[in-house]
Amino acid sequence: MAQIFGEFTEDFSERSEFLVLGFSPSSLPIQLRWKTNGLSADFLGDYVKNFFPGDTSAALNKQTEIRSAVSFVANELLENAMKYSDKTAGQPVNLEVHLFSDRLIFLSKNSVHQDAIANFQSYLQELTTSDIGEMYINQVEKSVDNDNESSSGLGYLTMIMDYEAVLGWKFEQSPNNIDIVMVTTMIQLPI
(Lines give C-alpha, C1' and ligand atoms only; values in the text may rest on other atoms or scores of the structure.)
Protein backbone atom coordinates (compact mmCIF):
# COMPACT_ATOMS: atom_id res chain seq x y z
CA MET A 1 0.00 0.00 0.00
CA ALA A 2 1.38 3.40 -1.03
CA GLN A 3 1.94 6.27 1.40
CA ILE A 4 1.47 9.81 0.06
CA PHE A 5 2.92 13.03 1.48
CA GLY A 6 2.10 16.48 0.10
CA GLU A 7 0.31 16.88 -3.22
CA PHE A 8 0.78 13.92 -5.51
CA THR A 9 -1.15 13.21 -8.69
CA GLU A 10 -0.98 10.42 -11.22
CA ASP A 11 -3.24 12.04 -13.82
CA PHE A 12 -1.07 12.75 -16.83
CA SER A 13 -3.88 12.73 -19.40
CA GLU A 14 -3.46 16.39 -20.40
CA ARG A 15 0.32 16.47 -20.86
CA SER A 16 1.63 17.48 -24.25
CA GLU A 17 5.24 16.27 -24.09
CA PHE A 18 7.42 14.33 -21.69
CA LEU A 19 10.94 13.06 -21.38
CA VAL A 20 12.21 10.22 -19.19
CA LEU A 21 15.87 9.70 -18.28
CA GLY A 22 17.27 6.70 -16.44
CA PHE A 23 20.45 6.47 -14.39
CA SER A 24 22.38 3.77 -12.60
CA PRO A 25 23.22 5.12 -9.14
CA SER A 26 26.02 2.64 -8.62
CA SER A 27 27.84 3.05 -11.97
CA LEU A 28 30.07 5.90 -10.71
CA PRO A 29 31.21 7.04 -7.30
CA ILE A 30 28.92 9.79 -6.00
CA GLN A 31 31.67 12.45 -6.29
CA LEU A 32 31.98 11.78 -10.03
CA ARG A 33 28.21 11.61 -10.40
CA TRP A 34 27.75 15.29 -9.40
CA LYS A 35 29.12 16.51 -12.73
CA THR A 36 26.88 14.20 -14.76
CA ASN A 37 23.88 15.26 -12.65
CA GLY A 38 24.55 18.89 -13.55
CA LEU A 39 24.97 18.09 -17.23
CA SER A 40 21.73 16.08 -17.25
CA ALA A 41 19.86 18.88 -15.46
CA ASP A 42 21.16 21.47 -17.93
CA PHE A 43 20.13 19.20 -20.82
CA LEU A 44 16.58 19.07 -19.44
CA GLY A 45 16.55 22.87 -19.06
CA ASP A 46 17.67 23.32 -22.67
CA TYR A 47 15.13 20.72 -23.85
CA VAL A 48 12.13 22.25 -22.07
CA LYS A 49 12.88 25.89 -22.95
CA ASN A 50 12.39 25.05 -26.64
CA PHE A 51 8.67 24.53 -26.02
CA PHE A 52 8.41 28.25 -25.25
CA PRO A 53 9.50 29.87 -28.52
CA GLY A 54 9.57 33.54 -29.34
CA ASP A 55 11.86 36.31 -30.37
CA THR A 56 10.56 39.13 -28.20
CA SER A 57 12.38 40.25 -25.11
CA ALA A 58 9.56 38.91 -22.89
CA ALA A 59 9.61 35.51 -24.62
CA LEU A 60 13.38 35.23 -24.31
CA ASN A 61 13.18 36.15 -20.62
CA LYS A 62 10.53 33.46 -20.10
CA GLN A 63 12.79 30.92 -21.85
CA THR A 64 15.68 31.87 -19.57
CA GLU A 65 13.50 31.65 -16.45
CA ILE A 66 12.12 28.25 -17.46
CA ARG A 67 15.54 26.88 -18.34
CA SER A 68 16.94 28.04 -15.00
CA ALA A 69 14.02 26.61 -13.00
CA VAL A 70 14.12 23.27 -14.84
CA SER A 71 17.89 22.96 -14.41
CA PHE A 72 17.68 23.77 -10.69
CA VAL A 73 14.80 21.38 -9.95
CA ALA A 74 16.23 18.56 -12.07
CA ASN A 75 19.66 18.91 -10.43
CA GLU A 76 18.19 18.87 -6.91
CA LEU A 77 16.06 15.82 -7.71
CA LEU A 78 18.98 13.93 -9.25
CA GLU A 79 21.34 14.78 -6.41
CA ASN A 80 18.81 13.65 -3.78
CA ALA A 81 17.89 10.49 -5.67
CA MET A 82 21.52 9.50 -6.19
CA LYS A 83 22.60 10.41 -2.67
CA TYR A 84 19.79 8.55 -0.88
CA SER A 85 19.26 5.66 -3.28
CA ASP A 86 19.75 2.16 -1.89
CA LYS A 87 22.70 1.04 -4.02
CA THR A 88 22.26 -2.59 -2.94
CA ALA A 89 18.74 -2.68 -4.42
CA GLY A 90 20.02 -2.58 -7.99
CA GLN A 91 17.20 -0.21 -8.99
CA PRO A 92 17.69 2.61 -11.51
CA VAL A 93 16.99 6.24 -10.75
CA ASN A 94 14.45 7.73 -13.13
CA LEU A 95 13.91 11.41 -13.78
CA GLU A 96 10.95 12.61 -15.80
CA VAL A 97 9.66 15.98 -16.91
CA HIS A 98 6.09 16.36 -18.19
CA LEU A 99 4.82 19.49 -19.94
CA PHE A 100 1.26 20.69 -19.37
CA SER A 101 -0.39 23.89 -20.56
CA ASP A 102 -0.17 25.46 -17.09
CA ARG A 103 2.66 23.63 -15.34
CA LEU A 104 5.67 21.35 -15.53
CA ILE A 105 5.72 18.16 -13.48
CA PHE A 106 8.98 16.51 -12.48
CA LEU A 107 9.14 12.99 -11.12
CA SER A 108 12.19 11.31 -9.69
CA LYS A 109 11.97 7.69 -8.63
CA ASN A 110 14.56 5.77 -6.65
CA SER A 111 14.90 3.04 -4.08
CA VAL A 112 15.42 4.13 -0.50
CA HIS A 113 17.16 2.42 2.42
CA GLN A 114 14.70 0.90 4.90
CA ASP A 115 16.66 2.55 7.73
CA ALA A 116 16.17 6.03 6.22
CA ILE A 117 12.43 5.90 5.59
CA ALA A 118 11.22 6.95 9.06
CA ASN A 119 13.49 10.02 9.25
CA PHE A 120 12.67 11.03 5.68
CA GLN A 121 8.92 10.71 6.25
CA SER A 122 9.22 12.67 9.49
CA TYR A 123 10.96 15.47 7.58
CA LEU A 124 8.27 15.35 4.87
CA GLN A 125 5.55 15.59 7.51
CA GLU A 126 7.23 18.70 8.91
CA LEU A 127 7.75 20.14 5.43
CA THR A 128 4.12 19.70 4.45
CA THR A 129 2.65 21.10 7.68
CA SER A 130 5.06 23.83 8.84
CA ASP A 131 5.46 27.49 7.99
CA ILE A 132 7.81 27.29 5.00
CA GLY A 133 9.34 30.76 5.48
CA GLU A 134 10.25 30.00 9.08
CA MET A 135 11.52 26.54 8.17
CA TYR A 136 13.67 28.02 5.38
CA ILE A 137 15.30 30.53 7.74
CA ASN A 138 15.95 27.80 10.34
CA GLN A 139 17.51 25.50 7.73
CA VAL A 140 19.77 28.27 6.39
CA GLU A 141 20.95 29.01 9.93
CA LYS A 142 21.58 25.31 10.61
CA SER A 143 23.55 24.83 7.41
CA VAL A 144 25.71 27.89 8.20
CA ASP A 145 26.29 26.74 11.78
CA ASN A 146 27.09 23.18 10.72
CA ASP A 147 28.93 24.19 7.54
CA ASN A 148 27.30 21.11 6.00
CA GLU A 149 24.58 21.34 3.39
CA SER A 150 24.62 17.65 2.48
CA SER A 151 21.35 17.01 4.29
CA SER A 152 20.04 20.52 4.87
CA GLY A 153 16.75 20.17 3.00
CA LEU A 154 17.30 23.58 1.43
CA GLY A 155 16.66 22.27 -2.08
CA TYR A 156 12.99 21.51 -1.45
CA LEU A 157 12.51 24.72 0.50
CA THR A 158 14.14 26.78 -2.26
CA MET A 159 11.84 25.18 -4.84
CA ILE A 160 8.83 26.28 -2.79
CA MET A 161 10.13 29.75 -1.93
CA ASP A 162 11.70 30.73 -5.26
CA TYR A 163 9.63 28.80 -7.82
CA GLU A 164 6.23 28.39 -6.12
CA ALA A 165 6.65 24.64 -6.47
CA VAL A 166 4.12 22.17 -5.13
CA LEU A 167 5.75 19.03 -3.75
CA GLY A 168 4.57 15.49 -3.16
CA TRP A 169 6.00 12.05 -2.44
CA LYS A 170 4.80 8.50 -2.84
CA PHE A 171 6.37 5.55 -1.02
CA GLU A 172 5.58 2.06 -2.29
CA GLN A 173 7.03 -1.41 -2.49
CA SER A 174 8.89 -2.29 -5.66
CA PRO A 175 6.74 -4.48 -7.91
CA ASN A 176 9.82 -6.67 -8.50
CA ASN A 177 10.84 -7.11 -4.86
CA ILE A 178 8.62 -6.45 -1.83
CA ASP A 179 11.72 -5.87 0.32
CA ILE A 180 12.62 -2.76 -1.69
CA VAL A 181 10.84 0.54 -1.05
CA MET A 182 10.65 3.04 -3.90
CA VAL A 183 10.04 6.75 -3.41
CA THR A 184 8.69 8.97 -6.15
CA THR A 185 9.18 12.69 -5.64
CA MET A 186 6.85 14.99 -7.58
CA ILE A 187 7.56 18.66 -8.14
CA GLN A 188 4.90 20.76 -9.87
CA LEU A 189 6.02 24.13 -11.24
CA PRO A 190 3.52 26.68 -12.54
CA ILE A 191 4.41 28.20 -15.93
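Computed from heavy atoms alone, side chains included, the values below leave out hydrogens, waters and symmetry copies.
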**Request:** For the pair Leu104 and Val70, evaluate side-chain contact (heavy atoms from CB on, under 4.5 Å) and give the outcome as yes or no after the intermediate values.
**Result:** CA-CA 9 Å; Leu104 299 172; Val70 168; 3.6 Å; yes
**Prompt:** Aromatic ring centroids of Phe18 and Phe12 under 6.0 Å?
**Reply:** no
**Asked** Are Tyr163 and Ile137 linked, directly or through other ILVMFWY residues, by side chains that come within less than 4.5 angstrom of each other?
**Response** no
**Message:** Can you see whether Gln3 engages Gln121 through a side-chain donor-acceptor pair at a distance of less than 3.5 angstrom?
**Reply:** yes
**Message:** Within this structure, what is the CD1-CE distance for the pair Ile105 and Met186, rounded to the nearest 0.5 Å?
**Reply:** 5.0 Å
**Item:** Euclidean distance, Asn138 CG relative to Glu126 CD, rounded to 0.5 Å
**Value:** 8.5 Å
**Message:** Less than 4.5 Å apart, side chain to side chain, heavy atoms only: is that true for Thr158 and Phe72?
**Reply:** yes
**Request:** With side-chain contact (heavy atoms from CB on, under 4.5 Å) as the test, would you mind laying out the steps for Asp86 and Ile180 before giving the verdict?
**Result:** CA-CA 9 Å; Asp86 181 356; Ile180 297 174; 5.7 Å; no
**Asked** Is the backbone of Leu127 close enough, under 3.5 Å, to the side chain of Ser130 for a donor and an acceptor to pair up by distance?
**Response** no
**Prompt:** Where is the tightest heavy-atom contact between Leu78 and Asn37, given as atom of each residue plus distance?
**Reply:** CD1-O, 3.8 Å
**Prompt:** Of all heavy-atom pairs between Ser85 and Asn110, which one has the smallest distance, and what is that distance?
**Reply:** CA-ND2, 3.9 Å
**Asked** CG of Asp102 to CD of Gln188: how many Å apart, nearest 0.5 Å?
**Response** 9.0 Å
**Asked** Does any N or O in the side chain of Lys87 come within less than 3.5 Å of the main-chain N or O of Met82, such that one atom is a donor and the other an acceptor?
**Response** yes
**Request:** Look up atom OG in Ser68 and atom CG in Asp42, then write down how far apart they are to the nearest 0.5 Å.
**Result:** 9.5 Å
**Gap between atom CG of Leu189 and atom CE of Met159 - 0.5 Å precision** = 8.5 Å
**Message:** I'd like to know if the side chain of Ser71 reaches the main chain of Arg67, judged simply by a donor and an acceptor atom lying under 3.5 Å from each other, with no hydrogens or angles considered.
**Reply:** yes
**Item:** Nearest non-hydrogen partners of Val48 and Phe52, listed with the distance
**Value:** O-CD1, 3.4 Å
**Asked** Is it the case that Asp11 and Ser13 place a side-chain donor and acceptor less than 3.5 Å from each other?
**Response** yes
**Asked** Any side-chain heavy-atom pair from Ser16 and Phe51 closer than 4.5 angstrom?
**Response** no
**Request:** Could you pull out the closest heavy-atom pair between Leu154 and Ser143, with the gap in Å?
**Result:** CD1-OG, 3.7 Å
**Request:** May I ask you to check whether Trp169 and Tyr123 place their ring centers less than 6.0 Å from one another?
**Result:** no
**Request:** Under the side-chain hydrogen bond (donor to acceptor under 3.5 Å, both in side chains) rule, what do Asn75 and Glu79 come out as? Steps first, then yes or no, please.
**Result:** CA-CA 6 Å; Asn75 192 61; Glu79 285 184 0; 3.1 Å; yes
**Asked** Is Leu107 reachable from Leu21 through a run of I, L, V, M, F, W or Y residues, each pair having side-chain heavy atoms under 4.5 Å apart?
**Response** no
**Message:** So does Tyr156 get a backbone contact from the side chain of Glu76, meaning a donor-acceptor N/O pair under 3.5 Å?
**Reply:** no
**Item:** Hydrophobic cluster identity match, Ile117 and Met182, side-chain contacts under 4.5 Å
**Value:** no
**Asked** Considering all heavy atoms of both residues, which atom of Leu60 and which atom of Gly54 are nearest to each other, and what is their separation?
**Response** CD2-O, 3.6 Å
**Request:** Using the side-chain contact (heavy atoms from CB on, under 4.5 Å) rule, take Phe8 and Thr184 through it: C-alpha gap first, then chi angles, then the decisive distance, then the call.
**Result:** CA-CA 9 Å; Phe8 195 93; Thr184 304; 3.8 Å; yes
**Message:** Any side-chain to backbone donor/acceptor pair from Thr128 onto Phe5? Under 3.5 Å, distance only.
**Reply:** no
**Prompt:** Does one hydrophobic cluster hold both Phe100 and Ile66, with members joined at side-chain heavy-atom distances below 4.5 Å?
**Reply:** no
**Message:** Using modelled atom types and a 3.5 Å cut-off, is there a donor and acceptor pairing between side-chain atoms of Gln114 and backbone atoms of Asp179?
**Reply:** yes
**Message:** Can you confirm whether or not the ring centre of Phe120 sits under 6.0 Å from the ring centre of Tyr84?
**Reply:** no
**Message:** Strictly below 4.0 Å, N to O, side chains only: are Lys109 and Glu172 in salt-bridge contact?
**Reply:** yes
**Request:** For the residue pair Ile132 and Leu157, establish whether any side-chain heavy-atom pair is separated by less than 4.5 Å.
**Result:** yes
**Hydrophobic cluster membership, Val166 vs Val73, 4.5 Å side-chain cutoff** = no
**Prompt:** Okay, side chain of Ser40, backbone of Thr36: is any donor-acceptor separation there less than 3.5 Å?
**Reply:** yes
**Fill in**
Interatomic distance, CG@Leu77 vs CD@Glu96, rounded to 0.5 Å, equals 11.0 Å
**Message:** Quick check: closest heavy atoms across Val112 and Ala116, and the distance to 0.1 Å?
**Reply:** CG2-CB, 4.4 Å
